[in-house]
Amino acid sequence: MSNSFERIYAVVRCIPTGKVATYGQIARLAGLGRGARVVGYALFQITPGSDVPWQRVVNAQGEISESPHRQGNDDYQRILLKSEGIIFDEAGRIDLTEYRWQPDVAQCAKFASLT
DNA sequence: AAGTTGACTATTT
DNA sequence: AAAATAGCCAACT
């Protein structure tokens, strides 16, 4: 596993239940700057059984990003999020102004040395 | 070693 | 408002 991926996973693992984060947000926290795409690539390799809550990562529009290779799993992701208390609007989007995760260094000391 | 690729994002049509 | 364009960064081939 590449080091960058480890950092990304570390950040994602810190997203509390009931909250979501955007790819760009995670990229920045992981020290990747604008490498939002790398975050997506990292999540692509996550296998079921991993302790990384990949379902809490959505795109900047509050919508679930899907891929030609992952299609079918978007429904699964939506179900997981709903079970965590996240509400989807009519368009199937999440209200980021309410559910967007706001990193708290006190809760996640791992970031202290990354940012 | 160099080119391609992608769970992105912001900008421009 | 939806679709195409252009930057971005690291992994993969």
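Letters A, B, ... are given to chains in the order of the sequence lines, protein chains preceding strands, and every chain is numbered from 1.
- Here the closest non-hydrogen pair linking A/Q77 and A/V57 is NE2-O, 3.2 Å.
- Distances shown here put every side-chain N or O of A/S65 at or beyond 4.0 Å from the OP1 or OP2 atom of B/dA7.
- Following rounding to the nearest Å, A/R28 (CZ) and C/dC8 (P) show an atom-to-atom distance of 16 Å.
- Distance CD1 (A/I26) to C1' (C/dC9): 15 Å, rounded to an integer number of Å.
- Counting non-hydrogen atoms under 4.0 angstrom, A/G40 reaches a base of the nucleic acid.
- Here the straight-line distance linking atom CG of A/L43 with atom CD1 of A/I26 works out to 6.5 Å at 0.5 Å rounding.
- The CG atom of A/N59 sits 13 Å away from the C1' atom of B/dA10 (whole-angstrom rounding).
- For the pair A/R34 CZ and C/dC9 C1', the computed distance is 10 Å after rounding to whole Å.
- Atom pair A/I8:CD1 and B/dG6:P shows a separation of 17 Å (rounding to whole Å applied).
- Distance from the side chain of A/Q77 is smallest to B/dA7 among B/dA10, C/dC9, B/dA7.
- Put simply, CH2 on A/W54 is 13 Å from P on B/dA7, counting in whole angstrom units.
- The hydrophobic cluster containing A/L80 also contains A/Y23, counting ILVMFWY residues as joined when their side-chain heavy atoms lie under 4.5 angstrom apart, directly or transitively.
- Taking atom CD1 of residue A/I94 and atom C1' of nucleotide B/dA7, one finds them 13 Å apart after rounding to whole Å.
- Counting all heavy atoms, side chain and backbone alike, A/L96 lies closest to A/N59 at CD1-O, 4.3 Å.
- Summarising the geometry, atom CZ belonging to A/R100 is positioned 13.0 Å from atom CD1 belonging to A/I94; distances are rounded to the nearest 0.5 Å.
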Protein N or O to nucleotides 10-13 of chain C N or O, pairs below 3.5 Å:
{"unit_1": "C/dA11", "atom_1": "OP1", "unit_2": "A/S2", "atom_2": "OG", "d": "3.2"}

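- We find that CD of A/Q25 is positioned 15 Å from C1' of B/dA7, with the value rounded to whole Å.
- When atom types are taken as modelled, the side chain of A/Q25 and the backbone of A/W101 share a donor-acceptor pair closer than 3.5 angstrom.
- A donor N or O paired with an acceptor N or O is found under 3.5 Å between the base of C/dG7 and the side-chain atoms of A/R37.
- In this structure a side-chain-to-backbone donor-acceptor pair under 3.5 Å is present from A/Q71 to A/P68.
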